[in-house]
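Take a look at the structure below.
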Amino acid sequence: MRYWLMKSEPDEFSIDDLERAPGQSVAWFGVRNYQARNFMRDQMQVDDPVFFYHSSCPQPGIAGLARVSRLAYPDQTQFDPTSKYFDPAATAERPRWFNVEVTFVQKTRLLALAELRADPAVAGLTLLARGSRLSITPVDAGHWDHICTRLLGLSAARGAAR
DNA sequence: GCCAACGTTGGC
DNA sequence: GCCAACGTTGGC
C-alpha cells in the first residue's frame, strides 16, 4: 500500500464536492502531466489512502482524506473535442492519459501548507520540495502517520481508511 | 498580478 | 538531440 497527496483547486472540485458526489466517488480526470499520470497508471492501487489537498486558493492545504476506489483507466476527456482536456493526439487504441477514481473518506480541519512547512517531522514531503508542482505526489508511511495522528488528531486506523 | 520553477514544443 | 521560446503551476 502506498500513500498519496492529490491536489485540486477547490473552485474546480473541492472536498465538499467529493462528499456530495454520487456514491462519493469520482474520476480524477484532467491530469496532463506525465509523472502524475504514471503514478496513477502504474502505482496507485485500490484502497490506497489519499490526502485531498486544496491548491490555488486563499488557504492552500490538506482539507480531507480520500482513498483510491478504482484502478487507472483511460481519461475520457482526452477524446472529447468540447473538453478543455481534449488531446487530439490521443486515440482509443492509444490513449495517452489515464485516471483513477477516488472516494470520500472524511473532511479534516484545514491543515495549511504553511503549517506543514513549519514542521520538521514532515520535511522531505515531495509536496514541500523546492519548485514542486506535481498534482499527485507520494507520501511516506511515516509522514502519513505523523500528519494523521499528530497534526490532524486522527487515529492511525482512521487515517489509513481500513 | 508577480514570478520562480518546471515542462513542453519545435526549429535546426 | 540541443536548447530557446513559450506555457503552466501555484504560492505569495
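Sequence lines set the chain letters: A, B, ... in the order given, protein chains first and strands last, and positions in each chain run from 1.
Taking atom CZ on A:Arg130 and atom P on C:dC12, their separation rounds to 15 Å, with Å as the unit. What separates CG of A:Asp11 from P of C:dG10 is a distance of 14 Å, to the nearest Å. Summarising the geometry, the separation between CZ on A:Arg133 and C1' on C:dC12 is reported as 16 Å, rounded to the nearest angstrom. Taking atom CZ of A:Arg96 as the reference point, atom P of B:dT8 lies 10 Å away to the nearest angstrom. The interatomic distance linking A:Lys84 (NZ) with C:dT8 (C1') rounds to 12 Å, in whole Å. A:Leu128 places its CG atom 17 Å from the C1' atom of B:dA4, with the value rounded to the nearest Å. Spacing between atom CG of A:Asp87 and atom P of B:dG7 amounts to 19 Å, rounded to whole angstrom units. For A:Leu116 and C:dC12, the CG to P distance is 11 Å, given to the nearest whole Å.
A:Met6 and A:Ile136 get closest at one heavy-atom pair: CE-CD1, 3.9 Å.
Less than 4.0 Å separates DNA chain C from no heavy atom of any residue of residues 26-36 of chain A.
Residue A:Tyr53 places at least one side-chain N or O closer than 4.0 Å to OP1 or OP2 of C:dG11.
A:Ile62 has its side chain within reach of A:Thr108: a pair of non-hydrogen atoms, C-beta onward, lies under 4.5 Å apart.
Note: A:Phe104 CZ to A:Ile15 CD1 = 5.5 Å, rounded to the nearest 0.5 Å.
Looking at A:Asn38, A:Val100, A:Val102 one by one, the single match for side-chain contact (heavy atoms from CB on, under 4.5 Å) with A:Met44 turns out to be A:Val100.
Here the side chain of A:Lys7 is nearest to one of C:dG11, C:dT8, C:dG10, namely C:dG10.
As a member of the Ile/Leu/Val/Met/Phe/Trp/Tyr network built from side-chain separations under 4.5 Å, A:Tyr34 groups with A:Trp97.
Scored by the ring pair (Phe, Tyr, Trp, His ring centres under 6.0 Å) test, A:His54 finds A:Phe52 as partners (sequence neighbours excluded).
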